[in-house]
Amino acid sequence: MPRLFAVLLLCLSCSAHAADSYLTRLLNKPVPGGVAVIDLGTGAVAPTARYDGKPVLVVREQDTWRAIVGVPLSVQPGPQQVSSGGRTLTFTVGAKHYPEQHITLKNTRQVNPNPADLSRINAELAVQTTAYRSFSPGTPSNLLLDKPVNGPLSSRFGVRRFFNGEERNPHAGLDFAVPAGTPIKTPAAGKVILVGDYFFNGNTVFVDHGQGFISMFCHMSKIDVKMGQGLARGEVVGRVGSTGRATGPHMHWNISLNDVRVDPAIFIGAFQP
Ligand code: ZN
């Protein structure tokens, strides 16, 4: 009898799992800085969806349309709304703790920029924000991403950062500890929508994977692509370096959805709740 009970329990947990789709199980991490996967139903035509006034990535999984929504790091736990086809769909954001990191920089201008630096920083921010807000119609080649480099993580997403004791923006991406010169490969197919040399990010490339799903790589020693260039999955975009605000060579990678920076670890199966 206890054995039968155990088998029944096993079956129950099987069916509970089967209710979650593949994409939902892998990508649905509805926390600040995470991703919410929302069922938009079936239908012949792709529905559109918006979150916080911005268009959202919608993909088809078998016969079901799903919105893949980026949740801002600044959102408080609780209900959030996505609109689609005149309907309002609610999802709940849970809590997540992000640790602190203290970094010492010799170049104090990188902590407290002078007025000329600030005007440069603001102009660069505007250009990068425009890139993050672009929304091309193509469907991403893959949502489960390849790691752009092979190496251990040296800093996770969302870490609260203090430079020389002063709090600045939290870490918006993942850092990989790899030597200078290591080739950086695009984790999905895409198009180069921005190339630049920026005050904080150094040599930077933005790759648009489709529908607001965008990768950003920075601090590169060398850029190997041009604006507007189409890239196949795995093509090299540049080489690891330490340009911009960096304490040494490493690969920094951001992922953006609906102009929200989310944890890239979700897409490479390395998310830690
Ligand atoms: Zn970083």
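Both ligands and their constituent atoms are indexed starting at 1 by order of listing.
At a cut-off of 2.8 Å, C218 does not coordinate the Zn ion (ligand 1) through any N, O or S atom.
Among residue pairs with one or both ends in residues 53-83, none qualify as ring pair (Phe, Tyr, Trp, His ring centres under 6.0 Å); sequence neighbours excluded.
When the side-chain hydrogen bond (donor to acceptor under 3.5 Å, both in side chains) test is applied to Y132, the partners found at least two apart in sequence or on another chain are N254.
As for D175, its N/O/S atom nearest the Zn ion (ligand 1) is the one called OD1. Summary: ND1 is the N/O/S atom of H252 found nearest to the Zn ion (ligand 1).
The side-chain tip of R168 does not point at the ring of F200 from less than 6.0 angstrom away and within 45° of straight on.
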### Task
Go through the steps for V127 and Y198 under the test side chain to side chain contact (heavy atoms under 4.5 Å, CB included), then give the verdict.
CA-CA 10 Å; V127 170; Y198 304 122; 4.0 Å; yes
